[in-house]
Amino acid sequence: MSDTKLPPPLPVRPVDGPGSPRDVPPLPGTLPVDPATLPGPIRDELEAPDPLAIDTSAGELKDGLNRCPKCGATDIRQRAGTDILVCMYCRNEWHGERVEEAFGFGEGIADLRGTVIASGARDIEADAASLMTFKCAGCGAEVTVNTESTMTARCHWCRHVFGVNEQIANGAVPDAVLPFYIRKDDAVARIRQFVDKRRMFALKAFKDEFTPENVVGVYLPYMIVDGSASASVAGKGEIKTRQYTRGTNNNKKTYYDADVYQIERHVEFTVDDLPLESSTERGNLDVNVNTNNIINTILPFDTKNAVKWNASYLSGFTSEKRNSNVQQLQPRLEDQLLSIARAQVDGSTRRYDRGVRWEQEQLDVHGTRWASMYLPVWLYSYHQPGKNGGLLHYIAVNGRTGETMGSVPVQQWKLLLAALTVGTFLEGIAIMILVGMS
Amino acid sequence: MSDDSGLWLLLAGPAGATALYWALYRFYRNTDKSHAFERETSIDAKPVTGSDAKVGNITGTQATRIQGDNVGAYRARVQRVASEAGRDVDDGAPGG
């Protein structure tokens, strides 16, 4: 009886001391030791700014409301064909700030060291959700924005327009946006022109269903990279020294003599605004499984004109969210830098008239600067049914330059028939010549 | 032009058919297109440096080009040699 009245045993004393969960983490930016007491190099490293060197977040837009500087209304749109924002209430117009000047992108590329990441290009946190909820400052209602595909929403009750302007951990908000210049009717005309030149062998179903008016304006996520690098390549080259023919009239053969050289080349260079697809799906350029190379082809954009992030530029357009971090894109960047280096040294191998076989290459990336950007693309898509879910064909129009590229599905039997017809015709001529000769 | 019997002319049919098929297919599907970042990116390069050393000669070959010519195939990767600077990219020392 008395046993049952005993209190339960005390819990084991939790572990404390250094490293235990009871330790309160230091405040951001504080150090447990005084840096002044440390050796110079260590102090310099501790006091150096964080790798996140460029903060591009827009503090004034944190509550999701982008207000007209004149009247305070939130219904703000982009004036089509310009970088100007216009208030739909009082018609006040103002210009977005260019990131090139605001954050110094494009300057000091040769002096870049290490990896500098703008705040919108930070790593995406694994548990970040796509749905963002705002409390409307006008009426208190809750407004949800799905950042997978859209960046603005309107409060159902008081008609305030909300935009995802705060740089959140889900990677949806980039550092900058390049607004659309090409209008929809212009994009429709370009797509129509592109397809009109490719009608004869186009898939019948595609022609029947062709409605370029269904084109959608999409902001696609890119990483814009500045970099400073040096590369070396080594290989063999051959210079022709003699050419001669041997044999009789009917059995003549040409022979060559050549000198063989071991060549080494080195080049230091900087690249400015190299665009890399920062969506894994769009970055897959395998032409056997998709037609993303079409979207890749309409690069480059005039990224120098990109403006500071403001979701008001995105109203009326859809968007795709970034899902690649800087680390994942590094191999592709290195691959492209090596290709650029190879193109740069090409001019110095002209004397090797029998060509050059590069055997080894080496790359040193001295420094890179990454900014995340939304670039405007008009996309017309057509799904061709087939094996493994078919193939999605795109016709893409660059929203700034109007460059158009597309993939039009072909009617295989028609194409084969045309090829066979021409082949038979050529064969007929060949036989006629042979008969004439004999 | 001059050869044994001219039978090679019979290849004209299949060759023409294949060439036309591929040309049209590419015109429609544009599978060979991509962003030419080598040309279209703004690149600022210092003068190319390097060395050339004669290592041998070839006599009497029938090949018109060097075997494995890849001088124009910028995107074809060859053996990657580790950078001399290694992980210490900060020193900025040019490799090679």
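Chain letters run A, B, ... following the sequence lines, proteins first and then strands; every chain starts at 1. Owing to the predicted nature of the structure, the values given are computational and were not obtained by experimental measurement.
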Practice problem: Under the side chain to side chain contact (heavy atoms under 4.5 Å, CB included) rule, what do Arg351(A) and Asp52(B) come out as? Steps first, then yes or no, please. | Solution: CA-CA 11 Å; Arg351(A) 60 189 284 241; Asp52(B) 305 74; 3.9 Å; yes
Quiz item: Given Phe37(B) and Leu299(A), is the side chain to side chain contact (heavy atoms under 4.5 Å, CB included) satisfied, shown in steps?
Solution: CA-CA 8 Å; Phe37(B) 53 85; Leu299(A) 293 169; over 6 Å; no
Quiz item: Where do Ile340(A) and Ile43(B) land on the side chain to side chain contact (heavy atoms under 4.5 Å, CB included) test, with the steps shown first?
Solution: CA-CA 9 Å; Ile340(A) 288 171; Ile43(B) 296 158; 3.4 Å; yes
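Gln412(A) and Tyr21(B) form a side-chain donor-acceptor contact under 3.5 Å, judged by distance and modelled atom types alone. Side chains of Arg29(B) and Ser407(A): a donor-acceptor N/O pair is present below 3.5 angstrom, by distance only.
Interface summary for chain A: among Leu20(B), Thr59(B), Leu11(B), Thr18(B), the most heavy-atom pairs under 4.5 angstrom belong to Thr59(B). Heavy-atom pairs under 4.5 Å with chain B peak, among Ala110(A), Ser348(A), Gly406(A), at Gly406(A). The most heavy-atom pairs under 4.5 Å with chain B, out of Val267(A), Asp259(A), Ile263(A), come from Asp259(A). Comparing Asp335(A), Asp273(A), Ile429(A), Thr421(A) by heavy-atom pairs within less than 4.5 Å of chain B, the highest count is held by Asp335(A). Put simply, of Ala17(B), Ala15(B), Gly50(B), the one with the most heavy-atom pairs under 4.5 Å next to chain A is Ala17(B). For the set Ser51(B), Gly16(B), Ala45(B), the entry with the most heavy-atom pairs within less than 4.5 Å of chain A is Ser51(B). Interface remark: of the candidates Gln67(B), Gln62(B), Arg39(B), Glu40(B), Gln62(B) forms the most heavy-atom pairs closer than 4.5 Å to chain A. By number of non-hydrogen pairs under 4.5 angstrom with chain A, the leading residue of Pro47(B), Ala36(B), Ala23(B), Gly56(B) is Gly56(B). Among Ile433(A), Leu416(A), Ile298(A), the residue with the largest count of heavy-atom pairs under 4.5 Å with chain B is Leu416(A). Here Asp44(B) is the residue among Leu9(B), Leu24(B), Asp44(B) with the most heavy-atom pairs under 4.5 Å with chain A. Between chain B and the options Ile431(A), Asp257(A), Val195(A), Leu420(A), the largest number of non-hydrogen pairs under 4.5 Å is found for Asp257(A). Of the listed residues (Val408(A), Val287(A), Ile295(A), Leu274(A)), the one with the most heavy-atom contacts under 4.5 Å to chain B is Val408(A).
In this structure a side-chain-to-backbone donor-acceptor pair under 3.5 Å is missing from Asp69(B) to Gly355(A). Here the side chain of Tyr261(A) pairs no donor or acceptor atom with the backbone of Val55(B) at under 3.5 angstrom. Within the 3.5 Å criterion, the main-chain N or O of Trp358(A) finds a donor-acceptor partner in the side chain of Asn70(B). A donor-acceptor distance shorter than 3.5 angstrom exists from the side chain of Asn293(A) to the backbone of Lys33(B), with no hydrogens or angles considered. Without hydrogens or angle criteria, Asn296(A) side chain to His35(B) main chain gives a donor-acceptor distance under 3.5 Å. Side-chain N or O atoms of Glu361(A) include one that pairs as donor or acceptor with a backbone N or O of Val78(B) at under 3.5 Å.
Within the 4.5 Å cutoff, no side-chain heavy atoms of Arg354(A) are placed close to those of Arg65(B). Using a 4.5 Å heavy-atom cutoff, the side chains of Arg80(B) and Leu363(A) are in contact. When side chains are defined from C-beta on, Ser230(A) does not count as touching Lys46(B), because their heavy atoms never get closer than 4.5 Å. Considering only heavy atoms from C-beta on, Arg342(A) stays 4.5 Å or farther from Arg75(B) through its side chain. Side-chain contact between Glu238(A) and Ile58(B) is present, with heavy atoms from C-beta onward closer than 4.5 Å. Annotation: side chain of Asn30(B) is in contact with side chain of Arg198(A) (closest heavy-atom distance under 4.5 Å). Within the 4.5 Å cutoff, the side chain of Arg77(B) has heavy atoms near those of the Ser339(A) side chain. By the 4.5 Å heavy-atom criterion applied to side chains, Ile66(B) and Lys236(A) are counted as neighbours.
In this structure, NZ in Lys54(B) is found 9.0 Å from CD1 in Ile239(A), a value given to the nearest 0.5 Å.
Of the two parts of Met405(A), only the side chain, counted from C-beta on, holds a non-hydrogen atom closer than 4.5 Å to a non-hydrogen atom of chain B. Of the atoms belonging to Val271(A), heavy atoms from both backbone and side chain fall under 4.5 Å from chain B. Only the backbone of Asp353(A) comes within less than 4.5 Å of a heavy atom of chain B; no side-chain atom from C-beta onward does. Of the two parts of Glu334(A), only the side chain, counted from C-beta on, holds a non-hydrogen atom closer than 4.5 Å to a non-hydrogen atom of chain B. Heavy atoms of Ile294(A) lying under 4.5 Å from chain B belong exclusively to its side chain. Within the 4.5 angstrom heavy-atom criterion, only backbone atoms of Thr254(A) (N, CA, C, O) approach chain B. Only the side chain of Thr291(A) comes within less than 4.5 Å of a heavy atom in chain B; its backbone stays farther off. When heavy atoms are compared at a cutoff of 4.5 Å, Phe425(A) does not approach chain B at all. The part of Leu391(A) that comes within reach of chain B is its side chain, from C-beta onward, which places non-hydrogen atoms under 4.5 angstrom from that chain. Neither the backbone nor the side chain of Arg242(A) comes within less than 4.5 Å of any heavy atom in chain B.
Closest non-hydrogen pair, Glu427(A) versus Pro14(B), comes out as OE1-CD, 3.4 Å. Considering all non-hydrogen atoms of both residues, Ala12(B) and Ala430(A) come closest at CB-CB, 4.4 Å. Summarising the geometry of Tyr28(B) relative to Phe201(A), their closest heavy-atom pair is OH-N, 2.9 Å, with the distance given to 0.1 Å. Ala82(B) approaches Gln362(A) most closely through the heavy-atom pair O-NE2, 3.1 Å. In terms of heavy atoms, Asp272(A) sits closest to Thr41(B) at O-CG2, 3.6 Å.
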